[in-house]
Amino acid sequence: MKLYLCSAITALAVAVANASTLTPPVLPLIVRNPYLSIWLPKARGAPWENWPMFWRGESVGFAIMASVPRSKTVYPLLGRSQDFLNPYSSSYNISLPQYDGATFDASTTNLTYTIQDSDIKITLSFLSPITPTSTLRQALPAGYLTCFVEGSADVSLYIDVNGEWVSGHRGSKIQWAFDEPSASQSGTGLKTWRIARAQEQLFTEVLDRAEWGTLHVSAPGDVKYQSGESRRTRQLFAEFGSLKNKIDDSYRGIFEEEPIFAFSKTFKLRDNSTSSPHIRHDKVVFTFALTQDPVVQFAAARGLTLMRPLWASHFFTAKDMVQYHYDDYDTAVYLARNYSDQLATDAYASGSRDYQDIAALSARQVLGATQFSGTPDSPVLFLKEISSNGNFQTVDVIFPAFPFFLYTNPQWLAYLLEPLLEHQLSGQYPNDYSMHDLGSHFPNATGHNDGKDEYMPVEECGNMLIMGLALANALRDNAQPTFALDALPWTRPLGPGPEKSPLRTDTHGMDNMRGGLEMTGEKAAAKWLRRSYELWKKWTGYLVRESLIPANQLCTDDFAGWLANQTNLALKGIVGIKAMSSIAEMVGEESDAEYYGSIADDYIHQWQHFGLSRDKTHAKLAYDWYGSWTTLYNIFADALLCFHLPDKDSATRGQSRFWGWRQTPLSDQNKSKHKSGKFIPDKVYQMQSDWYHNVLQRYGLPLDSRHLYTKSDWEFFAAAVASKSVRTEILQHVASWVNETATDRPLTDLYDTEGNGGFPGVNFMARPVVGGHFAFLALERACQGKATEGLSFLDAEAPAEIDVKQALAADMIGTQPEVGEL
């Protein structure tokens, strides 16, 4: 039975993403955290035309070749290894394979090749597994490369890496070591290269790459190995089809007679017992791990703390972790495939085939900005604001990303918010509004005890309150992931670790989600909210004073500049006040609930007067900016938090496919006592949905009337609360952008909706905010499946046709009072 299941797992690993139809400019290869982040550039072309790259765009030494002994021909598969071979050699020929293209799902990218004039096929399968029901596995800073081969002729494969994996400075001195299997070793006998800087620099980056940590590249014991100067080592494989098990122990700079670290594996596919070709299959698994201990420094309640990786609580050494990760391959494939399949099903049902691909493409990018730390009893998840400025735990970067976490595993959202809450509860931040970030640059979360972080007070207060209530709702409703809860039967058990195994992790490294741990339910939600109640209340006090008519300040779209009276920003603050009313109710503070609910109701009424155009066809960019318009993406929070539902529907279960046997319905006692109907009227949703239909551009929905650029995360927030036809339109336009954009970096969230869909002068890339692409899925799970049903009125009629130019001109007619006079 195990052999049969193993074969099935192998088939799952190689046969991924048959439905992937989009052609993004860049694809993830090995993406686990901000420093282990390797991508395939110019992914619409052949993989041997460029070197793989770090997320910023700089190349990384990573080469893969194939050799066919029968023809004495070597073929580059990944990276420009052909540049290092001798085109005039009499010992080997150089040729290019037929590239059959790339496919991808949420965890896997497959590159497939055919060796011309033969029946040899090769698939390079890069797996960075997303395992929502196993936090331990998600915390492992490691990925897999499985090379699948098939054919009737022998073939050899070769891989190598260089020192660019461990430093952003090309002149850094590196050192290395080689480990061979030992007789006492349990599990697969591994050969491992270990590479690190000769002088590590803790918590230091060069070009966003860590200057501390060790790269482990592992392979099974039957491979050949070699280290040495790049040209000689690659030519040696080309000539002999194998390596010589030799180690160059002369430590030097990354590009000082460039040292590389290689493995080769020969596959005997030829069957000499028969004259007719017989197709055989084989594979080899390599793993890549970047271990750092500690991972960040954090100004915790107990003071500045060197934070260890979460995996260090389960394994005594990095070697133990690497061994476990390698032996866990079958289970990692199974769990990752389970997540990818469920995501594909849900995304297709929620949107389209295009949405299925966009969600899959976004998933690894979100987690590629994170680093798991803490202990098994108290995990935390740190996040880097990749590419925009490198801030640590940026609140308005977590906010657009948080739909991904609500869909994938709401507990991970709790781990993300925990460092922000702990730091501010300890009194280390002096302002009476929420901080913007925990530190100016990752990995140093040293705080802002002078209170001079980036000034976005209404933005961040609203974000924290909305995310806090959304998480509490998920905990209360027991909205557990709808993914596999058990590991494979033959999964290697966790051995004894440095810390006692917590109850929330079982012996196979799975999260315990079957109840009894008081991690979900009404009491768990109230307990979580109660701990930070003073912060929620303080931030709401700020919003009561400042959100109805926001002063001149930044919102999350800080690249657009400062602006007073922002309609969309005011809405976020007002929804934040409304969220506080529900927070207070959940923890039993009835007077606070009534007080903040009353203020929110008053403010939302005034907001409609201030923020909507005269003819009520659209929301203005700012109260006093007549003839302008904005994408009102903050209305998404109203629906996500169930404020759009009539009172009679708030405590009944909907028909969402997300609600099955694992969830229990809300009892009548959970029904809001202060809910008096819909918070934001249906007409505002309808108005904006119709407006989006009329202002769509070639590649999507512009952010506002100032520019033609857009933010893809906010496009999906807006589309989630638009009619199905408008949602489909927006998806189609964004899908066209993915296929045609001139951007040449991991998926950007800021791009021009016209022209070539390129960067608008600000180059964002690889940012975790693409978690906002999961807005449809998070909304379908919200309110026990009733959230999307509450928006069904949007589909009653086709979108209204609006003369946009005329509507904007009409809004500018007449004398309007200043906002201060209103």
query = Between Phe559 and Leu750, does a side-chain contact (heavy atoms from CB on, under 4.5 Å) hold up when you go through it step by step?
reply = CA-CA 10 Å; Phe559 49 85; Leu750 177 63; 3.9 Å; yes
task = Any chance you could lay out the side-chain contact (heavy atoms from CB on, under 4.5 Å) test for Thr556 and Trp714, step after step, and finish with the verdict?
result = CA-CA 11 Å; Thr556 181; Trp714 304 141; 3.5 Å; yes
query = For Asn473 and Leu641, what are the C-alpha separation, side-chain angles and deciding distance, and is it a side-chain contact (heavy atoms from CB on, under 4.5 Å)?
reply = CA-CA 8 Å; Asn473 285 346; Leu641 301 178; 4.2 Å; yes
task = Show your working on side-chain contact (heavy atoms from CB on, under 4.5 Å) between Leu747 and Ser362 and close with a plain yes or no.
result = CA-CA 8 Å; Leu747 207 59; Ser362 304; 4.1 Å; yes
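Under the 3.5 Å distance criterion, with hydrogens and angles disregarded, a donor-acceptor pair is assigned to the side chains of Asp437 and His448. Residues His441 and Asn391 bring no donor and acceptor atom of their side chains to less than 3.5 Å of each other.
Listed for the Gln393 side chain is a donor-acceptor partner under 3.5 Å among the backbone atoms of Leu381. One N or O on the side chain of Gln428 and one on the backbone of Ala299 form a donor-acceptor pair closer than 3.5 Å. Within the 3.5 Å criterion, the main-chain N or O of Pro141 finds no donor-acceptor partner in the side chain of Gln371. Side chain of Asp558 to backbone of Leu554: no donor-acceptor contact under 3.5 angstrom is found. Although no hydrogens or angles enter the test, the distance criterion places a donor-acceptor pair under 3.5 Å between the side chain of Trp607 and the main chain of Thr567. A donor-acceptor contact shorter than 3.5 Å links the side chain of Glu715 to the backbone of Leu701. Between the Arg32 side chain and the Leu140 main chain, a donor and an acceptor come within less than 3.5 Å of each other. Within the 3.5 Å criterion, the main-chain N or O of Leu621 finds a donor-acceptor partner in the side chain of Ser628. At least one donor-acceptor pair closer than 3.5 Å links the side chain of Gln424 to the backbone N or O of Leu420. Between the side chain of Asn444 and the main chain of Thr446, no donor-acceptor pair closer than 3.5 Å is present.
Here the closest heavy-atom approach between residue Pro702 and residue Thr631 is recorded as O-OG1, 2.8 Å. Heavy atoms only, all atoms of each residue included: Ala560 and Tyr709 are closest at CB-OH, 3.6 Å. Of all heavy-atom pairs spanning Leu406 and Ala778, the tightest one is CB-CB, 4.2 Å. When all heavy atoms are compared, the tightest approach of Gly57 to Arg745 is CA-NE, 3.5 Å. Of all non-hydrogen atoms in Pro457 and Tyr433, the two that sit nearest each other are CB-CG, 3.6 Å. The two residues Met586 and Ala525 have their closest heavy-atom pair at CE-CB, 3.8 Å.
Cation-pi geometry between Lys620 and Phe610 is not met at under 6.0 angstrom from the ring centre and within 45 degrees of the axis. Within the cation-pi definition used here (under 6.0 Å to the ring centroid, within 45° of the axis), Arg56 does not qualify as a partner of Phe54.
Interatomic distance, CH2 of Trp536 versus CD of Glu589, reported as 15.0 Å (0.5 Å rounding). The distance from the CG atom of Leu543 to the OH atom of Tyr596 is 10.0 Å, given to the nearest 0.5 Å.
Outside the 6.0 Å centre-distance limit, the rings of Tyr633 and Phe636 are not counted as a close aromatic pair. With ring centers used as reference points, Phe716 lies under 6.0 Å from Phe776.
Put simply, the residue from Phe382, Trp311, Tyr415, Trp412 that forms a ring pair (Phe, Tyr, Trp, His ring centres under 6.0 Å) with Phe372 is Trp412. When each of Trp212, Phe442, Tyr35 is checked for a ring pair (Phe, Tyr, Trp, His ring centres under 6.0 Å) with Phe203, only Trp212 meets the rule.
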